[in-house]
Amino acid sequence: MKSLPSGIQPDNIPRHIAVIMDGNGRWAKRFGWQRTRGHRAGADAVTRCVEACQDLGVEYLTVYAFSTENWRRPKAEVAALMALLDGFLVDRTPEMMERNVKLEAIGRLGDLPENVQERLRESIAKTSGNTGVTLVLALSYGGREEIVDGIRSLLRGIEGGEVDAGAITPEVFSGHLYTRAYPDPDLLVRTSGEMRLSNFLLWQCSYAEIVVMAKLWPDFQKADLFEAVVQYQQRHRRFGGV
Ligand code: FPP
């Protein structure tokens, strides 16, 4: 077995890491470049983050790639992000196959341009048999929207007789969220120093340990993920107990 980076305990690796990849625009601005150049550099950081998760044996990595609020950005930036996503899926799917990465996506995927939806379906289908880390792209994703969609799904279940309205528990509700197949994140990482959840995995992050890094997302290296895990391992998780 490959040895772990120093300072990381093998018996306490987070199963699921969620990342708010913030600071692409500010990173580009520092060099006097267009914001989209920051997003392009951000896509490379996603690949480094996946590799770091593989090194540690993390099972799930969910990255906030496009929020429901991001549709309000200038048309040209939205178009550039969609083109970047399309290119990412084309270019990186062979690498995901080589590295045994399984790709999945959560969010209101039907809002994405048809070509991106098709590309996503292809990459998801192609990588579906892979057994390494699962990379979950949150796209047109909003935590409140997900909760509303979960309530709608529950109501359909009640109408159809599959859900007992009198027996709804947090576990039952979790089963109606986009993330129903994944454990809740153990660790939430946010870059660029902002201390906000920004509508990301609101229900699921109830007990996540939060690590905020000052660094902007395009500068994110594998060592930063390792550092976040070291911090996670120093926390004492009590889940509301003593
Ligand atoms: C936040 O930076 C980042 C986003 C809104 C999009 C995240 C997208 C990527 C990392 C690249 C594409 C990802 C994939 C998977 C292809 P910001 O633009 O809000 O930065 P700012 O706060 O400095 O303005």
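Computed from a predicted model, the values in this text were never measured in an experiment. Both ligands and their constituent atoms are indexed starting at 1 by order of listing.
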Query raised in the report: Is the closest heavy-atom distance from Trp217 to ligand 1 below 4.0 Å?
Result: yes
Requested in this report: Pick one of side chain, backbone, both or neither for how Met82 approaches ligand 1, counting any non-hydrogen atom pair under 4.0 Å.
Outcome: neither
Query raised in the report: Side chain, backbone, both or neither: which part of Asn70 has a heavy atom under 4.0 Å from ligand 1?
Result: side chain
**Report entry** Residue His39 vicinity, atoms of ligand 1 by number, heavy atom under 4.0 Å
**Finding:** 11 (C), 18 (O)
Requested in this report: Report the distance from atom CD of Glu59 to atom NZ of Lys102, rounding to the nearest 0.5 Å.
Outcome: 11.5 Å
Requested in this report: Could you find the nearest protein heavy atom to atom 3 (C) of ligand 1 and give me its residue, atom name and distance?
Outcome: Met21 O, 3.1 Å
Requested in this report: Write out the residue and atom name of the closest protein heavy atom to atom 9 (C) of ligand 1, then the distance separating them to 0.1 Å.
Outcome: Asn24 ND2, 3.5 Å
**Report entry** Minimum side-chain heavy-atom gap Thr127-Val101 below 4.5 Å
**Finding:** no
Query raised in the report: Do you know which two heavy atoms are closest between Phe226 and Ala52, and how far apart they sit?
Result: CE2-O, 3.6 Å
Report summary line: Looking only at protein heavy atoms, what sits closest to atom 22 (O) of ligand 1 is Arg26 NH2, 2.9 Å
Report summary line: re atom 12 (C) of ligand 1, the protein heavy-atom contact at minimum distance is Leu84 CD2, 3.7 Å
Report task. Please indicate whether Arg235 has more than 12 foreign heavy atoms, meaning atoms of other residues, nucleotides or ligands, lying under 6.0 Å from its CZ. Result -> yes
Query raised in the report: Any idea how Trp203 and Phe173 line up, ring-wise: parallel (<30°), tilted (30 to 60°), or perpendicular (>60°)?
Result: perpendicular
Query raised in the report: Hey, which atoms in ligand 1 end up nearer than 4.0 Å to a heavy atom of Phe88?
Result: 16 (C)
Requested in this report: Give the residue, atom name and distance (to 0.1 Å) of the protein heavy atom nearest atom 6 (C) of ligand 1.
Outcome: Ala65 O, 3.3 Å
Requested in this report: Taking only Lys NZ, Arg NE, NH1 and NH2, and the carboxylate oxygens of Asp or Glu, determine whether Glu114 and Arg121 approach each other closer than 4.0 Å.
Outcome: yes
Requested in this report: Could you tell me which non-hydrogen atom of Gly7 sits nearest to which non-hydrogen atom of Val230, and how far apart they are?
Outcome: O-CG2, 3.8 Å
Query raised in the report: Taking non-hydrogen atoms only, is Arg35 closer than 4.0 angstrom to ligand 1 via side chain, backbone, both or neither?
Result: side chain
Query raised in the report: Can Lys29 be said to touch ligand 1, with heavy atoms closer than 4.0 Å?
Result: no
Query raised in the report: Closest non-hydrogen protein atom to atom 19 (O) of ligand 1, residue and atom name please, with distance?
Result: Arg73 NH2, 2.8 Å
Query raised in the report: Relative to the ring of Tyr141, is the ring of Phe200 parallel (under 30°), tilted (30 to 60°) or perpendicular (over 60°)?
Result: perpendicular
Query raised in the report: When you check the gap from the basic side-chain N to the acidic O, do Arg26 and Glu194 get nearer than 4.0 Å?
Result: yes
Query raised in the report: So which of Arg37, Arg35, Arg72 actually passes salt bridge (charged side-chain N to carboxylate O under 4.0 Å, His left out) with Glu77?
Result: Arg35
Query - atom 20 (O) of ligand 1: the protein heavy-atom neighbour that sits closest, reported with distance to 0.1 Å - result: Gly25 N, 3.0 Å
**Report entry** Identity and distance of the protein heavy atom lying nearest atom 15 (C) of ligand 1
**Finding:** Leu137 CD2, 3.9 Å
